[in-house]
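Okay, so here's the structure we're looking at.
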Amino acid sequence: MRILVVEDEASLREGLTDLLGGDGHEVAAVADGVAAVERGLAEGWDLIVLDLMLPRLSGMDVCRRLRAARPGMPILMLTARGSEDDKVRGLGEGADDYVTKPFSARELLARVRALGRRAPAEVIEHLDVDGLIVDFGRLTARRGDATVPLTPREAGLLRWLHRQRGRAVSRAEILEQVFGQRGDLHTRAVDMAIVVLRKKIERDPAHPRIVVSVKGAGYAWGVDA
Ligand code: CA
């Protein structure tokens, strides 16, 4: 993979570069948020490893800007120990996963490999389903004259569900694959997120056609099925 490391702490930046390079990746590194956005958008990357606390522009702002311009580019966020709010916010801004500092080399490489496997085989910028046009670049859903904004996570959920079309997915799977959380939050959060999403995208949220419920299993992409 081509990986961009964004970390202001020189020793960690060099350590990450060596570690990822040693794992066979092609690695470049920058030390502040403005450089991260410039470099992140200037070239094609398979993964951005992004520190949260950065000079000039915060990791959260960098994440938002990169995600808005490159919805399909995986972002792994580095957060400080115990800052649960940061993780939740980071995932809300579109980070795909996070690693808490201090992390082991093994843990980081495992996450990087997982994101590599998850990297989109088909990068779609638009989706046209049941009269709804989803724009993943602008993070909007348009039906007729009405356009509603989507959060990065909602767009991510639609993209991921579409990729899984033809099979039912469990709440736990959505929680892990889309929300980036491993069982520490109740799967009820998935149901609540889908209620909100259906109000934005379905013709009739009480009778959904795009994100359908599958009894005893979870959810599925309904339109093509
Ligand atoms: Ca930092």
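Note that ligands are numbered from 1 as they come in the structure, with each ligand's atoms numbered from 1 the same way. The model shown is predicted, which means the values in this text are computed figures rather than measured ones.
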Check your understanding: Do Arg67 and Asp96 sit within salt-bridge range, that is, some charged N less than 4.0 Å from a carboxylate O?
Key -> yes

Review point. What are the protein N/O/S atoms, named by residue and atom, that sit under 3.0 Å from the Ca ion (ligand 1)?
Key: Asp8 OD1, Asp51 OD2, Met53 O

**Study point:** Val30 with Val34, same ILVMFWY side-chain cluster at under 4.5 Å
**Key:** yes

**Study point:** Contact list for residues 132-144, test side-chain hydrogen bond (donor to acceptor under 3.5 Å, both in side chains), sequence neighbours left out
**Key:** His126-Asp135

Point to revise | Where at least one partner belongs to residues 7-22, residue pairs that pass side-chain hydrogen bond (donor to acceptor under 3.5 Å, both in side chains), sequence neighbours excluded | key: Glu7-Lys101

Review point. Between His162 and Arg165, is any side-chain donor less than 3.5 angstrom from a side-chain acceptor?
Key: yes

Practice item. Please name all residues satisfying side-chain hydrogen bond (donor to acceptor under 3.5 Å, both in side chains) with Ser170, sequence neighbours left out, ordered by chain then number. Key: none

